[in-house]
Amino acid sequence: MLKVERVGKSFPPRPVLRGVSLTVDSEIRVIIGLNGGGKSTLLKIIAGIWGADSGSVHIDGKDVTDLSPEDREIGYVPQHPALFRHLTVKENIYYALRNGRGAVEEGDRLIRMLGLGEVLDKKPGVLSGGYQSRVSLARALASRPKVMLFDEPLSDLDLAIKENLLPEFKKVLKALGMPVLYVTHDPREARLVGDSFSALLQGEIRGIHSAEEAFDLIKADYVSG
């Protein structure tokens with residue numbers, strides 16, 4: 001379980017997160033909000049890339065607020081696939097094993113699940129955007145994280161590719177049964193991948209029932225602002 005309690009963050013003079021609290025169990029929670037609204041900031045605080053001004057982060061009941069990113073057992077997939085260009089697909093996927101994390105068997109399973117067997121010896125630079133996204137997901141999952149974070153990982157891809165990839169991504173993530181936090185500003189993407197939804201508005205999290213409800217709230221907030 002991932003639990004975020006009263007997390008606050010400001011980039012003076014503007015507060016970005018205002019006491020954000022949320023709990024994510026074995027589900028894919030999608031956070032929807034406008035660009036620049038604090039979604040990426042929240043993920044980076046959970047991952048340990050940035051520190052919070054206040055609040056705490058817990059994973060499986062353990063307070064990880066002061067731990068380094070390497071010690072949090074979190075998988076993080078950024079907006080642009082951050083693959084090692086000089087390594088092959090296979091070497092990228094098994095990279096975590098160098099630091100004693102994950103297992104070859106897990107990597108092999110992910111290669112099968114994501115259909116990467118035919119590109120293992122290729123370098124990322126010759127792959128399509130869709131395949132690069134698959135490799136990025138496989139590499140993050142091969143380390144056996146307890147939580148997965150996605151920061152608009154398919155924003156560089158066109159809609160047709162997203163609609164093919166997202167059901168595959170969801171199937172893989174549901175099979176592994178871990179808490180997943182996925183941020184996007186795309187309503188169709190949210191519907192395709194999410195089990196539950198939240199909206200991030202003016203630095204505050206609001207629980208909602210659907211992607212459509214989130215965008216109604218965002219539209220109303222934008223008009224009133």
Side-chain angles (χ1 to χ4, degrees), residues 2 4 9 16-17 20 22 24 26-47 49-50 74-83 113-115 124 127-141 145 147-176 178-225:
L2 168 66
V4 177
K9 182 70 175 180
V16 178
L17 301 175
V20 169
L22 61 88
V24 185
S26 298
E27 61 180 313
I28 302 174
R29 171 76 61 84
V30 179
I31 295 183
I32 305 165
L34 296 173
N35 287 334
K39 303 187 305 298
S40 294
T41 298
L42 177 60
L43 290 195
K44 289 177 179 177
I45 288 172
I46 294 170
I49 298 169
W50 290 349
I74 290 177
Y76 178 73
V77 179
Q79 185 171 359
H80 307 291
L83 301 173
M113 293 176 76
L114 291 165
L127 300 178
S128 67
Y131 268 107
Q132 288 188 34
S133 295
R134 292 173 192 243
V135 176
S136 186
L137 175 60
R139 189 179 70 177
L141 290 171
V147 174
M148 277 296 302
L149 307 176
F150 291 89
D151 190 359
E152 303 202 52
L154 305 182
S155 60
D156 292 340
L157 305 181
D158 62 37
L159 181 59
I161 297 174
K162 285 185 184 182
E163 289 188 341
N164 286 327
L165 278 180
L166 283 168
E168 292 185 41
F169 278 22
K170 185 171 185 175
K171 182 178 179 180
V172 171
L173 293 167
K174 296 296 287 182
L176 297 175
M178 66 180 68
V180 176
L181 204 54
Y182 191 110
V183 305
T184 184
H185 64 275
D186 183 333
R188 186 171 300 184
E189 188 172 342
R191 286 195 300 270
L192 285 170
V193 77
D195 295 320
S196 59
F197 307 90
S198 295
L200 184 57
L201 301 171
Q202 298 185 13
E204 299 179 351
I205 283 282
R206 302 189 194 181
I208 52 176
H209 297 97
S210 68
E212 289 77 13
E213 184 180 349
F215 284 93
D216 287 343
L217 284 172
I218 289 169
K219 187 187 298 183
D221 183 69
Y222 181 78
V223 171
S224 64

Chemist: Could you report the tightest heavy-atom contact between Gly37 and Leu200, atom names first, then the distance?
Modeler: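 Distance-wise, the nearest heavy atoms are O-CD2, 3.6 Å.
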Chemist: Considering non-hydrogen atoms only, spot the tightest contact between Ile32 and Ala190 and give its length.
Modeler: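 Nearest heavy atoms, Ile32 then Ala190: CD1-CB, 3.8 Å.
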Chemist: Under a plain distance cut-off of 3.5 Å, with no hydrogens placed, do Tyr182 and Glu152 share a side-chain donor-acceptor pair?
Modeler: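 Distance-only check fails for Glu152 and Tyr182.
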Chemist: Within the 4.5 Å heavy-atom criterion, are Leu173 and Phe150 side-chain neighbours or not?
Modeler: yes
Chemist: Side chain to side chain contact (heavy atoms under 4.5 Å, CB included) between Val193 and Thr184: does it pass, once the steps are laid out?
Modeler: CA-CA 10 Å; Val193 77; Thr184 184; over 6 Å; no
Chemist: Do you know the tightest heavy-atom contact between Pro153 and Val77?
Modeler: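 So the two residues come closest at CB-CG1, 3.8 Å.
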Chemist: Is there side-chain contact between Leu141 and Met148, with at least one heavy-atom pair below 4.5 Å?
Modeler: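 Answer yes - side chains close enough.
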Chemist: Counting only N and O atoms by type, is there a donor-acceptor contact under 3.5 Å from the side chain of Arg139 to the main-chain atoms of Ala82?
Modeler: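 Such a contact is found between Arg139 side chain and Ala82 backbone.
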Chemist: Decide side chain to side chain contact (heavy atoms under 4.5 Å, CB included) for Asp195 and Lys174; before the verdict, give the C-alpha distance in whole Å, the side-chain angles of both, and the deciding distance to 0.1 Å.
Modeler: CA-CA 10 Å; Asp195 295 320; Lys174 296 296 287 182; 2.9 Å; yes
Chemist: Where do Leu157 and Ser133 come nearest, in terms of heavy atoms and distance?
Modeler: CD1-OG, 3.7 Å
Chemist: For the CH2 atom of Trp50 and the OG1 atom of Thr41, what is their distance to the nearest 0.5 Å?
Modeler: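 If I round to the nearest 0.5 Å, the distance is 4.5 Å.
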Chemist: Show the nearest heavy-atom pair for residues Pro145 and Gly75, with the distance to one decimal.
Modeler: CB-N, 3.3 Å
Chemist: Taking the side chain from Lys39 and the backbone from Gly33, do they hold a donor-acceptor pair closer than 3.5 Å?
Modeler: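 The answer is yes, because a donor-acceptor pair under 3.5 Å joins these two groups.
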Chemist: Indicate yes or no: at least one non-hydrogen side-chain atom of Val24 is less than 4.5 angstrom from one of Val180.
Modeler: no
Chemist: My understanding is that only one of Val183, Asp151, Leu149, Leu22 makes a side-chain contact (heavy atoms from CB on, under 4.5 Å) with Leu42; could you say which?
Modeler: Leu22
Chemist: Atom OG in Ser128, atom CD1 in Ile161: separation rounded to 0.5 Å?
Modeler: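 Those atoms lie 6.5 Å apart.
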Chemist: Going by atom types only, do Arg206 and Ser198 share a side-chain donor-acceptor pair under 3.5 Å?
Modeler: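 Per modelled atom types, Arg206 and Ser198 side chains form no pair under 3.5 Å.
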Chemist: For residues Gln132 and Leu83, determine if any side-chain heavy atom of one lies less than 4.5 Å from a side-chain heavy atom of the other.
Modeler: yes
Chemist: For the pair Arg134 and Glu168, find out whether any cationic side-chain nitrogen is under 4.0 Å from an anionic carboxylate oxygen.
Modeler: yes
Chemist: Take a 6.0 Å sphere around CZ of Arg191 and say whether it holds more than 12 heavy atoms from other residues, nucleotides or ligands.
Modeler: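 Enclosed.
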Chemist: Could you go through the side chain to side chain contact (heavy atoms under 4.5 Å, CB included) check for Glu189 and Glu163 one step at a time?
Modeler: CA-CA 8 Å; Glu189 188 172 342; Glu163 289 188 341; over 6 Å; no
Chemist: Check the pair Ile28 / Lys170 against side chain to side chain contact (heavy atoms under 4.5 Å, CB included), numbers first and verdict last.
Modeler: CA-CA 8 Å; Ile28 302 174; Lys170 185 171 185 175; 3.8 Å; yes
Chemist: Quick check: closest heavy atoms across Phe197 and His209, and the distance to 0.1 Å?
Modeler: CD1-O, 3.9 Å
Chemist: Consider side-chain contact (heavy atoms from CB on, under 4.5 Å). Of Leu114, Leu154, Leu192, which one does Leu165 pass it with?
Modeler: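 Testing each of Leu114, Leu154, Leu192 against Leu165, the sole residue satisfying side-chain contact (heavy atoms from CB on, under 4.5 Å) is Leu154.
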Chemist: Can you confirm whether Ile45 sits close enough to Leu17 that some side-chain heavy atom of one is under 4.5 Å from a side-chain heavy atom of the other?
Modeler: yes
